[in-house]
Amino acid sequence: MVRVPFRAAADRVRHRLSQLVRPASRSRTAAPKASRATDRTGATAPGGPKAPRPAVPGDLAAPARSPWLRAPARSPWLRALGMLAVVVLGAWLGLLAVGSIRTPVGPMDTNMTLRPSLTGGSKINVAPLGALELDSHIAPLRLDVDVDRLDPERSQALVDQPERFSGLEDEVTRDVAAGTRELAVRSCVAVISGATALGLVVYRRPRRALAAGGLALTLLAASGVSAYATWNPKSVLEPKFSGLLSSAPSLVGDARSIVTEFDMYQQELARLVTNVTKLYDATSTLPVYQPDPGTIRALHVSDIHLNPAAWHIIASLVEQYEIDVIIDSGDTMDHGSAAENGFLDPIRDLGAPYVWVRGNHDSTVTQDYLEKFRNVRVLDDGKAVNVGGLRIAGTGDASFTPDRTGPGGNKAAAQLEGARLATALRDQERAGTPVDIAVAHDPNTARATDGTVPLVLSGHLHRRINEQLKLGTRLKVEGSTGGGGLRAVQNEKPEKVHASVLYLDRSTRRLQAWDEITLGGLGLTTAEVSRHLPEENLKKDSPGSPSPSPSSASSSPSATRSPGRPTPSP
């Protein structure tokens, strides 16, 4: 007896909810007028259909559920997104499971795989040394090539028959082409199988599963077309080599202990520079830029900011890259006081001439102290010197930040100083002694020299900029070689250490290539070396054209090195 009122109440609540969720449609509730003949009292006329009996509270014969309480149909967009998610996930699982091949490439055994990626490109992994990344294409797929090992028999055959080296390039090309074709077929099978299998699990309908497989194949084909359309064969000229060279951060310490263990830190960081250079030289199997024995190598540093570890880094780079001249674009100090002058003494033992301009943290006291060093050339007011086979001119910064004298970072003052420098450069050219490189601390000063010199170097911003100015001058802004100085310990994330090696032709004194060296900041032990060519060289060079290297690298460990440039010792 109690259930009847309870069921009636439940029916009323259910009916109210159905009206709120989905209002009744006249087309479903009202019969055609021809079939309904009712009088004003609501009674059905003779011959008309029998009116449904209204539900009466407590009536057990009343419908237990409103006909309008049905699940609303899903949006077509939601169904499409669901299908796309199934396809992408299934294709990815298929690639992980069976989407890789093992193939020989010359004397090496490699594993080639396609991986989903937002940026595309190719990555060559040489475990445990590191990886070589190429911006080879733009597509949602990345090509991973893992170099597993050198095959002893094929390697021995090359040693026994040196004449086979002449055909090694063609052999490698054929191996890579064959491996790529096999990988393409294998990837098609993998994405179709993965998407179809996951579609069958999710939808439990063969037609839906087959549609998922077809869509996966379509997406893979579209990715292949995108990769083909954006293929950049010149990416081999500008690879990025990176790797974790030490897996024991405790050897160096974190930012909290770096001050108390600074000697250990700077020794490890200097050793890191040496190691990454040798690994970079040993693992690069691409066509390389072999500098002529007369090629001039300049090391650009900036914004050391009293970091004593910078001298160890610079000395290591001078030795490994056989630097002819070091160019410092300023802010070597923090306050420019006489008490800081002793920090500059290691410059005497760096092993190369040192060209320096004053930054906004360097004082005339600092400048006077450096002018006493035999291997230092201080530039100011457009002064030009011949050093390391180059003619270099520069000027000090217009302001001195620590005591707030001068314009204090005023852009107009920096540009005025740049105009004076540009006038001095024009005077040099009229005198028949054109300048090869100009140096100024502030990029605003450097930009004012556009059209008067091929290359101008600056710093100040603690980040790299490489820009071709409107009148043809190339502006290169270096980051902080001191990792922001000892003040970087206070930052949440340590600032990275930056330096660049510039390769200049001795006859034309024009920039041919440069290496950008980036090291982890205080407490970090990561390193990265990126090779770059000027745009005008990229237009002239083919994919097999040379690209720069710390020393003349080759695909064979016993390859002959460039004369006059000895190989760094292990």
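Keep in mind that what you see is a predicted model, and the values were worked out from it rather than measured.
- One finds the NE2 atom of H460 at 7.5 Å from the CG atom of D331 (value rounded to the nearest 0.5 Å).
- Checked by atom type and distance alone, the side chain of D324 pairs as donor or acceptor with a backbone atom of R297 at under 3.5 Å.
- A salt bridge does not link D380 to K383: none of the charged side-chain nitrogens sits closer than 4.0 Å to a carboxylate oxygen.
- Looking only at distances, a side-chain donor or acceptor of T449 sits under 3.5 Å from a matching main-chain atom of A446.
- The aromatic rings of F343 and W311 sit tilted, their planes meeting at an angle between 30° and 60°.
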**Study point:** Full working for side-chain contact (heavy atoms from CB on, under 4.5 Å) between Y503 and L533
**Key:** CA-CA 10 Å; Y503 300 87; L533 297 179; over 6 Å; no

Check your understanding: When you look at E495 and H305, which way does the side-chain contact (heavy atoms from CB on, under 4.5 Å) test go after all the steps?
Key -> CA-CA 12 Å; E495 193 171 323; H305 286 292; over 6 Å; no

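- Contact annotation: the side chain of L143 approaches that of L114 to within less than 4.5 Å [non-hydrogen atoms, C-beta and beyond].
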Exercise for review: List the steps, then state whether side-chain contact (heavy atoms from CB on, under 4.5 Å) holds for I327 with V301.
Suggested key: CA-CA 6 Å; I327 303 175; V301 300; over 6 Å; no

**Study point:** Worked verdict on H441 versus D362 for side-chain contact (heavy atoms from CB on, under 4.5 Å)
**Key:** CA-CA 10 Å; H441 179 66; D362 305 316; over 6 Å; no

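- Taking S302 as the reference, S329 meet the side chain to side chain donor-acceptor pair (under 3.5 Å) condition, with sequence neighbours excluded.
- Applying the 6.0 Å contact sphere to CD1 of I138 captures no more than 12 heavy atoms from other residues, nucleotides or ligands.
- The closest donor-acceptor contact from the side chain of S458 to the backbone of D442 lies at 3.5 Å or more, if one exists at all.
- Of all heavy-atom pairs spanning L379 and G394, the tightest one is CD1-N, 3.6 Å.
- Residues I314 and I304 are in side-chain contact: their nearest non-hydrogen atoms beyond the backbone lie under 4.5 Å apart.
- Minimum heavy-atom separation, V355 to V325: CG2-CG2, 3.9 Å.
- In this structure, CG on N360 lies 5.0 Å from CG on D397, to the nearest 0.5 angstrom.
- Using modelled atom types, no side-chain atom of E371 and backbone atom of V378 make a donor-acceptor pair closer than 3.5 Å.
- Proximity of a side-chain donor or acceptor of D436 to a complementary backbone N or O of R391 within less than 3.5 Å is detected.
- In plain terms, the two heavy atoms of P534 and Q512 that are nearest each other are CD-O, 3.1 Å.
- At a threshold of 4.5 Å between non-hydrogen side-chain atoms, the residues N386 and T433 do not count as touching.
- Residues I465 and P443 fail the side-chain proximity criterion, which asks for heavy atoms closer than 4.5 Å.
- Here the closest heavy-atom approach between residue L504 and residue R509 is recorded as CD2-O, 3.7 Å.
- Although no hydrogens or angles enter the test, the distance criterion places a donor-acceptor pair under 3.5 Å between the side chain of S480 and the main chain of D303.
- The pair E429-R426 fails the salt-bridge criterion, with no side-chain N (NZ, NE, NH1 or NH2) lying under 4.0 Å from an Asp/Glu carboxylate O.
- S226 places no side-chain N or O within 3.5 Å of a backbone atom of A222 that could act as its donor or acceptor partner.
- Within a 6.0 Å radius of CZ in R463, no more than 12 heavy atoms belonging to other residues, nucleotides or ligands are found.
- Atom CG of residue L511 and atom CD1 of residue I296 lie 11.5 Å apart, to the nearest 0.5 angstrom.
- Using modelled atom types, no side-chain atom of R377 and backbone atom of V385 make a donor-acceptor pair closer than 3.5 Å.
- Residue D515 holds its CG atom at 10.0 Å from CG of L317, rounded to the nearest 0.5 Å.
- In this structure the side chain of I326 never reaches within 4.5 angstrom of the side chain of W356, judged on heavy atoms.
- For L299 against A499, the heavy-atom pair with the smallest separation is CD1-CB, 4.2 Å.
- A salt bridge is absent between D450 and R447: the closest approach of a Lys/Arg side-chain nitrogen to an acidic carboxylate oxygen does not fall below 4.0 angstrom.
- In terms of modelled atom types and a separation under 3.5 Å, the side chain of H137 and the main chain of L141 share a donor-acceptor contact.
- Salt-bridge formation is not detected for the pair E467/R474: no Lys NZ or Arg NE/NH1/NH2 atom is positioned less than 4.0 Å from an Asp or Glu carboxylate oxygen.
- Note that CE of M333 is 4.0 Å distant from CG of L344, once rounded to the nearest 0.5 Å.
- Side-chain contact between T295 and D505: absent, with no pair of heavy atoms (C-beta onward) separated by less than 4.5 Å.
- To the nearest 0.5 Å, atom CD of residue Q468 and atom OG1 of residue T473 are 8.0 Å apart.
- Between V435 and A384 the shortest heavy-atom distance is CG2-CB, 4.3 Å.
- By the 30° and 60° cut-offs, the orientation of the rings of W514 relative to H532 is parallel.
- Annotation: side chain of L455 is in contact with side chain of L502 (closest heavy-atom distance under 4.5 Å).
- If you run side chain to side chain contact (heavy atoms under 4.5 Å, CB included) between H498 and each of E516, E478, H300, only E478 comes through.
- A donor-acceptor pair under 3.5 Å is formed between the side chain of N375 and the backbone N or O of I347.
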